[in-house]
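These notes concern the structure reproduced below.
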Amino acid sequence: MTSNLKLFFTAFIFTLITIIPAYSQEQDEKDIKPLKVDYYSLGDQCFTINVGLFIPLFFLDLEDQDGNAAAAITNLTPGGIGSLMYEAYLNNNIKVGLEVGGMFAYSPNDNPFFMVPITARVGYEFHFGQFSMPIYLGAGVNIITYNDDNDVQMLFKPGISLFYNYSSSWSFGGNLVYWIAPEIIFDNPDQSRIGNFLDFTISAQYHF
Amino acid sequence: MKKIFKILYIPLFLLMIASCSDVGIFYALEIEEVVKDKNNLNDNTIFTNMVDTDYDNVASAGYYIGNASKTIYYRKQTSDYSSWSELALPSGFDSDATNPSMVMIDNGSEYDLYISRISKDGGDVISGVYRLTDIQTKLDNGVSSSDWDTMYQKSFDDDEDYDHYTLYTANNLLYINVLSNDDSQDQEDVRQSSKLYVSTSSSPTINTPFTTIAQYSPITDPGFTTEKVLKIDYDGVNYWMIYNNTSNVGQIWSDTAVDFGAGANITTTGDTVADIYIYAANEVIVSLHDDGSDGYLSETTDAGINWSTIDSVDCIYRGFADINTLTANTVIVGTTAGEEVAEGYYQIYMPTPSIDEDDNFSDSSNYSSSYLSDASIIGFLMDENDGRLFCYTENEGVWLNIDENWSLE
């Protein structure tokens with residue numbers, strides 16, 4: 001074997017030695033699935049503070065004098081609302097929590113009107129990059145106060161939020177919640193109404 | 001995880017103890033309408049009583065006068081919402097002077113206005129009874145402090161027990177309850193003595209200075225030693241007097257004699273008396289209550305021999321007026337808070353007294369929107385000639401009803 005031929009075979013073998021492992025690695029990479037990272041897991045919790053605008057919509061009378069459902073204006077001014085909320089994640093998307101809040105508005109004679117909702121909540125949270133969008137339903141009790149009258153009734157609050165996850169500990173966002181507040185008066189059924197309200201709040205959320 | 005779900009017990013517990021209210025708050029808001037403040041009185045003005053100076057029963061001819069204790073207000077009847085003005089009062093008093101009582105007595109051609117007045121600023125006390133004669137003419141021409149006659153006035157030194165005068169009128173006579181207060185306590189209800197006098201003339205002359213009360217007969221045995229008289233009235237046959245004794249038990253006296261002599265009929269109730277109303281001769285209604293709650297009305301048609309209960313309420317009935325010109329055969333009665341919150345007013349259908357709690361001569365939305373529906377009411381003044389009904393309260397100001405609608409004065 002001449003020296004040139006020896007040199008050729010050496011280079012060929014060297015080339016095979018370098019190419020074959022590289023080709024094998026590319027094949028392995030195609031077989032590896034991307035690694036999925038969950039934002040939250042069971043045991044993760046958060047506190048949220050919400051403040052914003054309370055918007056009275058209408059009172060619904062399910063059966064007026066003609067036996068038909070009728071809506072009437074609330075005569076309330078737009079007001080303010082605030083709440084504190086604790087939530088715990090069951091997994092990356094589902095969380096449960098408890099919210100306690102308070103709102104105020106005014107009647108035509110400038111009498112203050114208050115409601116204190118205490119609701120349990122369950123929600124499903126979508127994640128889009130650094131954004132989270134929970135949709136949820138709250139249910140609980142609503143303590144209503146007007147002049148010297150007080151009442152405690154059921155309350156339902158479906159809602160949707162959008163958060164920007166600023167860091168692993170903090171998120172900031174906004175919420176839009178619809179209130180379905182029945183007031184059932186057993187002694188005077190004619191006075192029973194379903195209050196319909198809307199609140200729009202901004203939030204700061206701390207994760208731990 | 002268990003701890004998380006335990007938190008959910010809180011709203012469930014609250015719902016279990018939820019008060020199923022009998023008042024629809026949302027309904028009340030739905031029907032609420034703006035109740036207007038149509039006059040210049042402060043919203044917190046408290047009148048202890050009101051009088052109407054219209055002597056000849058001519059519409060829009062007289063004045064309304066309201067005693068707000070430190071100030072006495074008056075306004076013309078010429079329009080529904082003529083402005084209130086302050087009445088000039090007797091001078092020589094300190095800035096803390098008050099007018100505990102005010103009555104009006106017919107002098108034969110007009111009314112005379114009598115007030116008691118007292119000041120205790122700086123320790124020394126000045127206390128007296130004053131009269132403004134021909135009140136309507138005086139108001140037409142303008143009143144000054146010097147227009148007041150001093151019926152009598154007495155000064156008391158700083159450490160001296162002082163006299164406090166309360167005035168009543170019945171059958172056009174003036175009664176004076178002279179209460180001697182213990183200065184060391186400086187409270188009107190801590191008294192050394194209580195004496196009752198009745199005038200022997202409908203226009204007693206002035207006696208100054210006073211050591212005795214001329215032209216006033218002392219009522220020698222009124223049945224009390226320190227108690228304060230609540231009210232004195234006349235039904236055309238009998239004079240009536242109510243007060244509560246030292247055990248807070250109501251005493252109701254009736255007698256044909258002006259000075260409640262030995263022949264007086266005395267009813268000792270089991271409860272505390274609050275007010276009395278004369279509907280007609282021998283038809284008398286009394287308001288009683290059990291220590292601030294369980295108020296009820298009792299009626300007698302035989303000068304107090306027998307009594308029958310008309311109706312009851314959780315709080316206390318107080319303040320009556322005949323509103324027959326607004327709604328036939330009806331007397332309005334107010335309520336006031338005791339142990340329970342007040343309930344506004346009710347209507348008594350006469351002559352066989354009964355109360356239907358749903359009856360209301362005024363517009364229901366207007367009434368429920370006003371503060372009257374749960375106000376502590378002191379009394380009413382009905383101007384039949386002008387169709388105006390005033391309601392004065394402890395905590396919600398003075399109100400006027402015209403054409404079934406209430407507005408704030």
Side-chain angles (χ1 to χ4, degrees), chain A residues 42-43 45 56 58-61 72-76 86-88 90 95-100 105 107-111 113 115-121 138-155 181-195, chain B residues 1-38 43 314-315 335 337 340-344 357-358 364-376 395-397 399 406-408:
Chain A
L42 178 66
Q45 303 162 83
F58 58 92
F59 294 134
L60 183 66
D61 181 2
I73 60 172
T74 66
N75 284 323
L76 287 168
Y86 165 80
E87 291 173 295
L90 302 182
K95 57 183 179 178
V96 294
L98 180 73
E99 182 180 21
V100 179
S107 77
N109 290 296
D110 293 330
N111 298 319
F113 169 78
M115 289 195 291
V116 176
I118 304 173
T119 53
R121 170 196 269 197
V141 297
N142 189 24
I143 303 170
I144 310 168
T145 299
Y146 181 60
N147 287 336
D148 293 325
D149 295 321
N150 302 288
D151 200 0
V152 181
Q153 297 277 349
M154 291 280 301
L155 176 65
E183 188 185 24
I184 310 301
I185 309 300
F186 292 101
D187 292 340
N188 289 295
D190 292 344
Q191 295 185 13
S192 297
R193 296 290 187 273
I194 299 177
Chain B
M1 180 57 65
K2 286 184 181 178
K3 289 182 182 177
I4 293 169
F5 284 103
K6 280 182 181 177
I7 293 173
L8 302 179
Y9 291 161
I10 298 173
L12 288 174
F13 173 72
L14 285 172
L15 193 58
M16 286 173 61
I17 63 169
S19 61
C20 294
S21 173
D22 60 353
V23 177
I25 294 176
F26 290 167
Y27 170 76
L29 285 167
E30 180 183 307
I31 66 171
E32 180 166 325
E33 54 187 58
V34 176
V35 176
K36 297 176 182 174
D37 185 348
K38 291 191 172 181
D43 292 357
D314 290 338
C315 46
T335 63
E340 303 292 335
V341 296
E343 300 176 14
E357 294 184 359
D358 293 330
S364 58
S365 295
N366 168 266
Y367 176 68
S368 62
S369 301
S370 73
Y371 303 130
L372 278 178
S373 54
D374 56 6
S376 277
N395 51 355
E396 303 291 359
W399 294 78
W406 291 99
S407 60
L408 196 60

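Bear in mind the structure is a predicted one, so any value in this text is a computation, not a measurement. Protein chains get the first letters and strands the later ones, always in sequence-line order, with residue 1 at the start of each.
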Report the C-alpha separation of N147(A) and Y371(B) in whole Å, then their side-chain angles, then the decisive distance to 0.1 Å, and conclude whether the side-chain hydrogen bond (donor to acceptor under 3.5 Å, both in side chains) test is met.
CA-CA 9 Å; N147(A) 287 336; Y371(B) 303 130; over 6 Å; no
Is it true that, when you exclude Y146(A) itself, more than 12 heavy atoms of the residues, nucleotides or ligands shown sit nearer than 6.0 Å to its OH?
yes
So which of T74(A), N75(A), N109(A) has the largest heavy-atom pair count under 4.5 angstrom toward chain B?
N109(A)
Between F58(A) and chain B, which part of the residue has a heavy atom less than 4.5 Å away: side chain, backbone, both or neither?
neither
The interface call for I73(A) against chain B, heavy-atom contacts under 4.5 Å, is backbone
Is a side-chain N or O of D61(A) found less than 3.5 angstrom from the main chain of A72(A), in a donor-acceptor match?
no
Test your reading of the model: is there a side-chain donor-acceptor pair from S369(B) to the backbone of V35(B), 3.5 Å cut-off?
no
Bottom line for N111(A): the part with an atom under 4.5 Å from chain B's heavy atoms is side chain
